[in-house]
**Q** 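My structure is below; once you've seen it, I'll send some questions.
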There are 2 protein chains.
Amino acid sequence: MTTEATVQGEQNDGVPELENLTLSQRAHAHLREEILSNRLPPGTELQELALSQRLGVSRGPIREALGRLAAEGLVTVRPRRGAVVHSLSSEDFLQAYQVREALEGLAIRLAVPRLTPPELDELQRLTDTMETHAASGRVTEFFEANAVFHERLVDASGNAKLQEIYRRLAGQMHRYWRRSLVLRGDLRRSVSEHRAILDAARQGDEETAARLLADHIRVPQIRMQSMTADELLEAEASFERKEEA
Amino acid sequence: MTTEATVQGEQNDGVPELENLTLSQRAHAHLREEILSNRLPPGTELQELALSQRLGVSRGPIREALGRLAAEGLVTVRPRRGAVVHSLSSEDFLQAYQVREALEGLAIRLAVPRLTPPELDELQRLTDTMETHAASGRVTEFFEANAVFHERLVDASGNAKLQEIYRRLAGQMHRYWRRSLVLRGDLRRSVSEHRAILDAARQGDEETAARLLADHIRVPQIRMQSMTADELLEAEASFERKEEA
DNA sequence: CGGCTGGTAACTGTCAACAATCGGCGCGCG
DNA sequence: CGCGCGCCGATTGTTGACAGTTACCAGCCG
């Protein structure tokens, strides 16, 4: 940093893809992106040789990337049998959901005394967006607005560790947004719950906000207990059909 | 799941000598152990060549192990500059502490309706142990009993994801137990807080238990805000001196 | 005497080859 | 005809070597 080797050939050409990251980091980011976007659906087998020639690198960086992904919980590696994209059972998903929203419970307690007017405005705007999409049945857009709402809340907590853990967990769960919505149920009720939470936050009443959020948490759990696994799958399939229309 | 994850059908014969794990797994476990036990204190630089010849393997497995440890948050890797054992600032530690105890808040809500008499008895026993050690000033033993108490609570939740995240976080923080105790303050007060939580749990009153635990959470935060960084370091040093006596 | 420059040594990032292990498949035996 | 056994291809685990970069140090110039 103090001395810079400006004479060194730093090829800063017009290509915007100037990645001076290591190959393993790029492989990691690439695979992570493909998994999170569902281009590599859960259960997909990941073979090192195929990945290496597809990304144009050798197996070393690929192995490191897979190791990192395994530590993040996105893939599971079976010793001497390769890696597969990790999949969550309904049970696993519900448990992760509980943890995620518990983290948000902490987030809102920390965030409420710190929330700035611009932040409150953005949360308000996101809630409005959710309401619009809920009314018109745009479930995908609803989910995205909902995800951003909760992420902003966590960011506003000012707790870096909380943000780190929350993002990791949210990343693991993002692929299962259909299941999230099925468990969440009525979107309009969800919107009104968000409004109530936001109102309490606006008044600086963190205890009420946290209590409302806790109630919000239990909705998917209660619904899941009243559904069989088959009903859950059927509801997910129904969502998929609707989305394709 | 992140660390050793899925190794099934592991039959350990009488000889602990021959581990049929991969070298990278053994390197990972070895380094993890050395870091958690403070034999590799925070800030220690980890050079691949030195590690590889110390463990008798080549650099490949070492690199994989370091990558896993980095994903777990136990080391930080600086591109092209090697890895160092991760250290937590007071700020980081407090944030991690908040998250950890928030996770326990979820744990106790889930655990209370499920707690069996044997589990309650063990929690009672651990609280008694804490009281004994608090009275005689055996801070190390107090901390261990306290850690087990909270871990049992998390186990009793029946939520595997919660257990996984909690263990990871507790592992990161375990090296800083002195700081934990300094922030916690009066041990006898801590014991009585545990008793109150346990009483509520015994009566099946999860809301009261969770509320008491939430109050329990805020103690270190409040204390930290009333201490300067120098006072914190001095108090830690004081603990160290006492421990050596 | 201090700051900059050039060289050098050490370390990380990457690769291709070697070795070990697993699963599948066909053959032979009961 | 069913079942077990051993070979074989494929894939992972591991290694040593090579290349690029960083940090350190000595020497020169101002």
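Chain letters run A, B, ... following the sequence lines, proteins first and then strands; every chain starts at 1.
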**Q** Who pairs with A:R81 by salt bridge (charged side-chain N to carboxylate O under 4.0 Å, His left out), at least two apart in sequence or on another chain?
**A** none
**Q** Only counting residues at least two apart or in another chain, list the ones meeting side-chain contact (heavy atoms from CB on, under 4.5 Å) with B:R39.
**A** B:E33, B:E34, B:S37
**Q** Mark up nucleotides 11-23 of chain C, 5' to 3', with B wherever a protein heavy atom is under 4.0 angstrom from a base atom, S wherever such an atom reaches only the sugar-phosphate, and - elsewhere.
**A** SBBBB-B---SSS
**Q** Which pairs with one or both residues in residues 82-100 of chain B pass salt bridge (Lys or Arg N to Asp or Glu O under 4.0 Å), sequence neighbours excluded?
**A** B:R100-B:E104
**Q** Test of understanding: with side-chain contact (heavy atoms from CB on, under 4.5 Å), list the residues that count as partners of A:L55, not counting sequence neighbours.
**A** A:A27, A:H30, A:V57, A:I62
**Q** Applying salt bridge (Lys or Arg N to Asp or Glu O under 4.0 Å), which residue pairs with at least one partner in residues 40-51 of chain B are found, sequence neighbours left out?
**A** B:E48-B:R59, B:E48-B:R63
**Q** Enter the inter-axis angle for the ends of the helix from C:dC1-D:dG30 to C:dG30-D:dC1 (five pairs per end, rounded to 10°).
**A** 10°
**Q** Test of understanding: with ring pair (Phe, Tyr, Trp, His ring centres under 6.0 Å), list the residues that count as partners of B:Y97, not counting sequence neighbours.
**A** B:F93
**Q** Who pairs with A:H174 by ring pair (Phe, Tyr, Trp, His ring centres under 6.0 Å), at least two apart in sequence or on another chain?
**A** A:F143
